[in-house]
Amino acid sequence: MPTFETCPRFTTDLQHLTPAQRRCFRHVVLDTFVPDLRTGRPFRPGLRETRRFAESRRTEHANPAIDR
């Protein structure tokens, strides 16, 4: 039984990555993101999005249900 669900946008974005980018993504998820989740502590600074990145996406909704 799956323990997570992916959104169509995630799947599309992942498909557009180069093989090297996919390997890097997988490495960060498995070796950094998941261990941080297991500790229950806040994410390390390298995993947090920068303010400039967050502001650039301000017009986009993180939750696709909002667009309905």
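We're numbering straight along the sequence, starting at 1.
- With sequence neighbours excluded, no residue forms a side-chain hydrogen bond (donor to acceptor under 3.5 Å, both in side chains) with Asp13.
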Under 3.5 Å, sequence neighbours excluded: what are the donor-acceptor pairs made by side chains of residues 21-29?
from, atom 1, to, atom 2, distance (Å)
Gln21, OE1, Thr18, N, 2.8
Gln21, OE1, Thr18, OG1, 3.3
Arg22, NE, Leu14, O, 3.1
Arg22, NH2, Gln15, O, 3.1
Arg22, NH2, Leu17, O, 3.0
His27, ND1, Asp31, OD2, 2.7

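- Closest approach of Leu30 and Val34 over heavy atoms only: O-CB, 4.2 Å.
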